[in-house]
Amino acid sequence: MFEAANQLRAERGPDAVADLSLGNPCNEPPAEFFDALAVEARERTGLRHAYMTNAGYLDVREKVAGSLAERTGIAYGADDIIMTPGAAGALNLMMRALLDPGDEIVINSPSFVEYPFYIENFGGQACVIPDKPDFIPDVDRIADACTANTRAVILNSPNNPTGRIYPERFWMDLGRALAARSAALSRPIYLIFDDPYRHVYYTDAPPPDPARYYDQVVYVTSFSKDLGLAGDRIGYLAMHPGIAFRDELKAGIIFSMRALGQVSANATLQRCAAALVDVPRDSVREFYRKRRDRVAEVIAELGLEAPPMEGAFYAFPKCPEPDDLAFCRRMLDQGLVVVPGTAFGVSGHFRMSYAVAEDVLERGLDLLRQAL
Ligand SMILES: Cc1ncc(COP(=O)(O)O)c(C=O)c1O
């Protein structure tokens, strides 16, 4: 879709196209990031650009663990944290550390398009469980899908592509169900909680944290989405202090950093991340909330059915015709670039990203209105 949009722009001129296809943050990083970078640029000694422990700098991991512990009430320590090149880097590390060929990872649908590829990179198979009609995952079906071959479940909330936030009740039920399955199988089913949109929510309270209800959680996140640092590739994973086979898992992840050529997260960016862990995100939420409200308004005006837009920066409306691929092709002809739900495993819907400049968003909404 992205390439098609570029071609269309070249043919018709940039003003005839609105690309709402990508989840590429359009907020600038906060002042604290540029201040931290300035410090990094000034320092000329201390071997700040040499190799370090693969898991990352101890002081950075202490900072991250402290912040997580304060937010969740769970006693994370520096040893539970591994700094990674974004959430995608962390997910690939987890897959390599966990999977033997033929092993399975349970994912829901719709979900992030890249999960199956990450799983297949290491010979694993994705076992895909459709969400309930309200786009909340189905606890019973997820638990039933966990067999002796299952190593983990990956879930993401605030969710890409639906914009839904899975409620506390869901995490409690899932935690209980996975604990029961793990006991029955005599091995842990890890829950990999992919959380890069944690701070991008529009609900009154922040999104719930599943690690409060299940101790086999590996938390994966990044500074990509909320702080506009997607291109800088910095994030981390946090193992719940109660996780089973902790030392083996950690050794596997760290070895995988080397085997995959990641080696470690970028040294400069790690130090910047330490300065950013606790920066307030209110202005980021306001930035995207404005766009979300506008999209919600137009969706309602056009009478499109869509799940509640609770977080992240996507709308996932139902297409006005059953074939989402045909619909998105038709929209593309009009100059509006959106992604068919089929890409995320659910037909009949399309995803619209509102992580774009306001004039592009208005143009996109106009094109949608005209096309419908
Ligand atoms: C659900 C989800 N997980 C992971 C990622 C990867 O993010 P990162 O830039 O942190 O690697 C994305 C990016 O779009 C995403 O939407």
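Every heavy atom of this structure was used, including side-chain atoms; hydrogens, water molecules and symmetry mates were not. Counting starts at 1 for both ligands and their atoms, in listed order. The model shown is predicted, which means the values in this text are computed figures rather than measured ones.
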Item checked: Side-chain H-bond candidate by donor/acceptor type, Ser157 with Asn159, under 3.5 Å -> no
Check: What class does the angle between the rings of Phe313 and Tyr288 fall in, given that below 30° is parallel, 30 to 60° is tilted and above 60° is perpendicular?
Finding: tilted
Margin query: For Tyr166, give me all partners under ring pair (Phe, Tyr, Trp, His ring centres under 6.0 Å), at least two apart in sequence or on another chain.
Written below: Phe170, Trp171
Checklist line | Distance flag, aromatic centroids of Phe245 and Tyr190, threshold under 6.0 Å | finding: no
Which pairs would a plain distance check flag for residues 340-349, meaning a side-chain donor or acceptor within less than 3.5 Å of a matching protein atom at least two apart in sequence or in another chain?
from: Thr342; atom 1: OG1; to: Asp324; atom 2: OD1; distance (Å): 2.9
from: Thr342; atom 1: OG1; to: Asp324; atom 2: OD2; distance (Å): 2.7
from: His349; atom 1: ND1; to: Phe316; atom 2: O; distance (Å): 2.9
from: His349; atom 1: ND1; to: Pro317; atom 2: O; distance (Å): 3.3

Item checked: side chain to side chain donor-acceptor pair (under 3.5 Å) partners for Tyr214, two or more places apart -> Ser182
Show the distances, to 0.1 Å, for all pairs joining an N/O atom of ligand 1 and a protein N/O atom that are shorter than 3.5 Å, listing one pair per line.
from: ligand 1; atom 1: 3 (N); to: Asp194; atom 2: OD1; distance (Å): 3.4
from: ligand 1; atom 1: 3 (N); to: Asp194; atom 2: OD2; distance (Å): 2.5
from: ligand 1; atom 1: 9 (O); to: Ser224; atom 2: OG; distance (Å): 2.7
from: ligand 1; atom 1: 9 (O); to: Arg233; atom 2: NH1; distance (Å): 2.8
from: ligand 1; atom 1: 10 (O); to: Ala87; atom 2: N; distance (Å): 2.8
from: ligand 1; atom 1: 10 (O); to: Ser222; atom 2: OG; distance (Å): 2.7
from: ligand 1; atom 1: 10 (O); to: Ser224; atom 2: OG; distance (Å): 3.3
from: ligand 1; atom 1: 11 (O); to: Ala87; atom 2: N; distance (Å): 3.3
from: ligand 1; atom 1: 11 (O); to: Ala88; atom 2: N; distance (Å): 2.8
from: ligand 1; atom 1: 11 (O); to: Arg233; atom 2: NH2; distance (Å): 2.7
from: ligand 1; atom 1: 14 (O); to: Lys225; atom 2: NZ; distance (Å): 2.7
from: ligand 1; atom 1: 16 (O); to: Asn160; atom 2: ND2; distance (Å): 2.8
from: ligand 1; atom 1: 16 (O); to: Tyr197; atom 2: OH; distance (Å): 2.7

